[in-house]
Amino acid sequence: MFVTRELVVDAEFGAARARLKQIVRAADGDGLARMSRAAYEEALAHLTRDDAPGDAPVVSTLVDVRMMGPMKRDDTRAVWLRWEAAGEASGMLPTLDADMVLAAEGQDKTRVTLNGYYESPLDDLPDSERSLLHHLASATIRTLLHGVADALAR
């Protein structure tokens, strides 16, 4: 399933480009990898939560986050992301391949767009479960995008 989200950030494009480079290259605890893991794990927690309110997630898993970039594309900067479950859940949970693109939006703003594809390893899901997965994929992307926007605006 395809997912696209975008935000406009109160940051001049040159400053946003420099900050993007910093968060992509930051140590895992401070950068884009951490933001990605947090967004993925938050969605996973909702996906795997037991029906009983207040219970911890049924499954806990590590998330492998790979990135490439930022790369210059015409007048934009792009980062390629791949998220996938690691450990015991590997192969059972969806993977995400996405491009995050920064572009100037006027003089003092930057547009952040994330275009991604969530692939479910479980092709035989009923429509209701596919709908839930799409909702959770959208929520994951939205959470990541807001985290990146906050980091770029600092």
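Values reported hereafter were calculated over all heavy atoms of this structure, with side chains retained and with hydrogens, waters and symmetry mates removed. Quick note: residue numbers are just sequence positions, from 1.
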Open item on the list: Test question: given the 4.5 Å side-chain rule for I, L, V, M, F, W and Y, name all other residues clustered with M68, or answer none.
Closed with: M71, W80
- [ ] Apply salt bridge (charged side-chain N to carboxylate O under 4.0 Å, His left out) to R73 and list each qualifying residue two or more places apart in sequence or on a separate chain.
- [x] D99
Task: Distance, nearest 0.5 Å, that separates CE of M35 from CG of L145 - done: 11.0 Å
Open item on the list: Taking ring-ring contact (aromatic ring centres under 6.0 Å, His included) as the cut-off, I'd like each qualifying pair that reaches into residues 1-26, sequence neighbours left out, listed once.
Closed with: F2-Y117
- [ ] Show the numbers, then the answer: is there a side chain to side chain contact (heavy atoms under 4.5 Å, CB included) between L96 and V3?
- [x] CA-CA 10 Å; L96 169 75; V3 180; 5.8 Å; no
- [ ] Name all residues meeting the side-chain hydrogen bond (donor to acceptor under 3.5 Å, both in side chains) criterion together with R142; count only those two or more places apart in sequence or in a different chain, and write none if there are none.
- [x] none
TODO: Take V148 and L114 through the side chain to side chain contact (heavy atoms under 4.5 Å, CB included) test and state the conclusion after the steps.
DONE: CA-CA 11 Å; V148 169; L114 199 142; over 6 Å; no
Task: V101: hydrophobic cluster co-members (side-chain, 4.5 Å) - done: none
- [ ] Please name all residues satisfying side-chain hydrogen bond (donor to acceptor under 3.5 Å, both in side chains) with D108, sequence neighbours left out, ordered by chain then number.
- [x] none
Task: Any residue meeting salt bridge (charged side-chain N to carboxylate O under 4.0 Å, His left out) with R25, in chain and number order, not counting sequence neighbours - done: none
Open item on the list: If you compare all heavy atoms of A149 against all heavy atoms of L7, which two are closest, and at what distance to 0.1 Å?
Closed with: CB-CD1, 3.8 Å
Task: Inter- and intrachain pairs under side chain to side chain donor-acceptor pair (under 3.5 Å), touching residues 143-154, at least two apart - done: none
Task: Donor-acceptor contact below 3.5 Å, side chain T110 vs main chain A11 - done: yes
- [ ] Please step through side chain to side chain contact (heavy atoms under 4.5 Å, CB included) for the pair T113 and T76, ending with a clear verdict.
- [x] CA-CA 11 Å; T113 305; T76 67; over 6 Å; no
TODO: Kindly write out the residues that satisfy side-chain hydrogen bond (donor to acceptor under 3.5 Å, both in side chains) with N115, not counting sequence neighbours, or none if the list is empty.
DONE: T4
- [ ] Mind checking the CE-CZ spacing from M100 to R5? Nearest 0.5 Å is all I need.
- [x] 14.0 Å
Open item on the list: So, using salt bridge (charged side-chain N to carboxylate O under 4.0 Å, His left out) as the criterion, who are the partners of R111 when residues are at least two apart?
Closed with: E6, E105
Open item on the list: Please check: side-chain N/O of R19 versus main-chain N/O of A153, any donor-acceptor pairing under 3.5 Å?
Closed with: no
Open item on the list: My understanding is that only residues two or more places apart in sequence, or in another chain, count here; which of them pass side-chain hydrogen bond (donor to acceptor under 3.5 Å, both in side chains) with K109?
Closed with: D10
